[in-house]
S.K.: 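Okay, handing you the structure first.
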Amino acid sequence: MPKGLLFGSRSFDLRHLTMLVLLAVMLILPLFGDAYLLRVATRVIVLSMVAISLDILLGYGGLISFGHAMFLGSGGYVLGVLTYLGIGNGFVVYPAAIALSVVLACIVGMIVLRTVGVYFIMITLAFAQMLYYLANGIRIGENYGGDEGLPLPSRTDFLGALNFNDPAVFHYFTLAILVAILYVSYKLVNSRFGRVIKACRDNERRAKSLGYNTFGYRLVAFMISGGIAGLAGALHMNLQKFVSPDELHWIISGDLLIMVIVGGANSLIGPIIGTGVFVLLEEGISNLTEHWMAIFGPMLILIVLFGRRGIYGLIKPKGEDG
Amino acid sequence: MTEAVLKVEGLTKRFGALIANEDVDLDVQPGEVHAVIGPNGAGKTTFVSQLAGELRPDHGRILLGGRDVTALPVHKRARLGLARSYQITSVIPSFSALENVAFAAQAIDGNSFKFWKPARSVDHLNEKAAAILAEIGLGHRQDILVKNMSHGEHRQLEIAMALATDPKVLLLDEPTAGMGPAATEGMIAFLDTLKGRYAILMIEHDMDVVFSLADRISALVNGRRVATERPDQIRQNAEVRRAYLGDKADKLNVSRSKASPGGDTSC
Ligand SMILES: Nc1ncnc2c1ncn2[C@@H]1O[C@H](COP(=O)(O)OP(=O)(O)OP(=O)(O)O)[C@@H](O)[C@H]1O
Ligand SMILES: [Mg+2]
């Protein structure tokens with residue numbers, strides 16, 4: 001990719017450096033052969049995708065979705081259930097996971113996008129909780145599903161091309177997908193479509209009076225976001241080899257919001273950094289103490305109070321708005 | 001008379017017990033500037049909001065080019081050529097001046113389900129926006145973020161955005177609200193260049209603006225239209241004089257008057 005392409009500015013700055021360092025770390029990590037570290041890193045990559053998809057709504061669209069974990073769940077469950085049904089071909093289950101998540105986003109979006117502000121937050125939350133209970137009802141035979149969750153019965157196979165049982169292969173695969181998502185999202189938020197989404201965030205009334213069907217544009221944004229998150233949900237299932245209703249719990253939706261806000265909403269790098277920080281702290285502090293949220297909570301408040309654009313706000317060049 | 005571009009019949013709007021508009025009939029002819037005057041709280045903005053579709057009337061019909069648009073949502077009316085500027089400036093604060101106008105131009109350039117090409121490099125939108133900004137006198141400010149622009153510039157940008165949608169009818173809600181005398185002169189001169197090119201419904205407190213531009217003037221008092229006259233006749237209208245007792249009665253007679261009082265000039 002040409003320099004400056006991804007960040008819209010001509011010169012190399014702290015953001016580019018951060019991204020390059022992160023990319024380098026992610027590329028080198030599998031070489032150390034530390035299974036635990038690699039797993040954490042892959043988890044950061046997969047959750048980053050969800051955080052980016054959430055930020056398309058939150059940072060660019062001004063839509064605070066408090067139910068984004070529903071797509072993490074929909075992607076995971078599609079993969080799980082199809083695999084139980086004997087469909088383990090990645091070229092089938094992955095598109096299916098994305099498609100179902102897009103359909104889910106369409107249905108949910110048609111309802112939630114009729115509300116704004118606090119009501120939007122509440123109703124997205126309500127939907128996710130509804131799906132949480134629905135997921136509790138997904139049972140396969142006597143032993144699987146329900147609140148126990150579904151283990152992945154066999155590995156997802158890409159016609160022999162990729163061995164997902166090799167953590168390094170899976171890691172590089174998710175990394176490639178993340179880079180692709182980053183690029184597509186960059187194109188999206190800067191496109192004419194993205195311009196409409198941003199304008200709706202700033203002043204929906206004006207967008208309407210200029211002739212924009214703001215509901216339609218927001219619905220499509222919601223579907224795109226849901227599709228990306230659904231893809232990540234399927235990858236998450238492959239990583240954990242397990243999916244349970246907990247994946248859709250509102251706490252996960254809250255964690256995702258925290259990742260975006262801590263990293264810096266309305267940027268594409270912010271959510272990645274936020275996810276990295278969140279997962280590392282979660283792993284790091286929770287190894288020290290059970291009550292890790294008591295430590296993380298105040299840190300979070302400090303970050304939001306002092307870095308108005310999260311961590312991204314600290315590394316972006318002064319005066320730049322994007 | 002030719003067929004009105006915009007025709008309003010029996011428009012009534014209540015807010016609880018308050019009757020904001022009562023049985024208002026009004027029309028705008030092709031190329032005409034029809035000004036609506038009236039004291040604060042007379043129901044002028046309420047009237048415009050119903051025309052634009054942001055408020056639903058309790059009774060009455062709105063015809064745009066002969067078509068009944070009373071039930072259409074805001075964006076569909078806009079696509080039929082109804083453009084509005086706001087009394088309280090309403091722009092996209094995180095965009096530059098150019099991008100605000102390009103965004104307006106984009107609204108009529110097919111749909112915006114265009115996901116790949118950077119919006120900033122769509123030349124025909126940028127060129128159209130730049131031309132309109134130059135025409136309105138903001139050419140040198142096009143790259144400034146609107147949150148860093150002055151109030152007067154915001155007022156100009158409001159109009160530029162409305163124009164970029166190639167409207168048939170312009171609804172201007174106090175285009176000079178809160179502007180100083182010099183800026184008001186500039187705005188009058190600019191609006192004068194629009195005369196004849198668009199059908200314009202203009203709400204205005206500033207009598208200089210009204211008398212410089214209007215072909216017809218309607219007065220709204222307590223939600224009722226009490227008069228529609230040519231400018232040289234409105235001063236003689238008894239109902240209007242009664243409504244404008246005191247300082248405003250003088251305003252109707254003198255040619256030089258101060259800008260409208262505040263209270264609606266924030267942005
Ligand atoms: N959404 C609303 N709910 C209740 N009352 C309203 C609403 N909007 C306006 N009003 C009331 O309706 C009346 C007409 O208001 P409107 O804003 O249309 O007046 P206006 O003629 O535009 O006044 P101004 O010259 O101050 O701009 C006022 O008494 C106002 O308080
Ligand atoms: Mg008003």
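Here is how names work: the chains are called A, B, and so on, in the same order as the sequence lines, proteins then strands, and each is numbered from 1.
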S.K.: Taking every non-hydrogen pair under 4.5 Å, which of B:S121, B:A162, B:A119 racks up the most with chain A?
M.R.: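 Maximum pair count with chain A is reached by B:A119.
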
S.K.: Counting only heavy atoms closer than 4.5 Å, note whether B:T165 contacts chain A via side chain, backbone, both or neither.
M.R.: side chain

S.K.: Is the NZ or CZ atom of A:R114 positioned over A:F215's six-membered ring, under 6.0 angstrom from the centre and within 45° of the axis?
M.R.: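 Yes, a cation-pi geometry holds between A:R114 and A:F215.
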
S.K.: Using a strict threshold of under 4.0 Å (side-chain N to carboxylate O), is an ion pair present between B:K13 and B:E54?
M.R.: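 Salt bridge between B:E54 and B:K13, a charged N being under 4.0 Å from a carboxylate O: no.
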
S.K.: What option among A:V196, A:V189, A:N213 has the most heavy-atom pairs under 4.5 Å with chain B?
M.R.: A:N213

S.K.: So, A:Y212 versus B:F103, ring centres under 6.0 angstrom or not?
M.R.: yes

S.K.: If the threshold is 4.0 Å, N to carboxylate O, is there a salt bridge linking A:E204 and A:R218?
M.R.: yes

S.K.: Could you tell me which portion of A:R201 (side chain, backbone, both or neither) has an atom closer than 4.5 angstrom to a non-hydrogen atom of chain B?
M.R.: side chain

S.K.: When only pairs under 4.5 Å are counted, which of B:R120, B:R77, B:K117, B:K76 shares the most heavy-atom pairs with chain A?
M.R.: B:K117

S.K.: Tell me, with the steps shown, if B:D173 and B:S85 meet side chain to side chain donor-acceptor pair (under 3.5 Å).
M.R.: CA-CA 6 Å; B:D173 195 352; B:S85 78; over 6 Å; no

S.K.: In plain terms, say whether B:D166 and B:K128 are close enough for a salt bridge, that is, a side-chain N and a carboxylate O under 4.0 Å apart.
M.R.: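 The answer is yes: the pair qualifies as a salt bridge.
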
S.K.: By a 4.5 Å heavy-atom criterion (distance strictly below it), what part of B:D109 contacts chain A: side chain, backbone, both, or neither?
M.R.: side chain

S.K.: What part of B:A102 gets within 4.5 angstrom of chain A, counting heavy atoms only: side chain, backbone, both, or neither?
M.R.: both

S.K.: I'd like to know if B:E99 pairs up with A:K198 as an ion pair, taking the criterion as any Lys NZ or Arg NE/NH1/NH2 lying under 4.0 Å from an Asp or Glu carboxylate oxygen.
M.R.: no

S.K.: Could you have a look at B:S112, B:A83, B:P167 and say which one has the most heavy-atom pairs with chain A under 4.5 angstrom?
M.R.: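 The residue among B:S112, B:A83, B:P167 with the greatest pair count is B:S112.
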
S.K.: Heavy-atom distances under 4.5 Å only: say whether B:A104 touches chain A with side chain, backbone, both or neither.
M.R.: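 Its backbone and side chain both get close to chain A.
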
S.K.: For chain A, which candidate among B:R79, B:K114, B:R84 shows the most heavy-atom pairs at distances under 4.5 Å?
M.R.: B:K114

S.K.: After noting the C-alpha distance and the side-chain angles of B:W116 and A:Y186, does the key distance pass the ring pair (Phe, Tyr, Trp, His ring centres under 6.0 Å) rule?
M.R.: CA-CA 9 Å; B:W116 206 251; A:Y186 173 77; 9.5 Å; no

S.K.: Where on B:L125 is there a heavy atom nearer than 4.5 Å to chain A: the side chain, the backbone, both, or neither?
M.R.: side chain

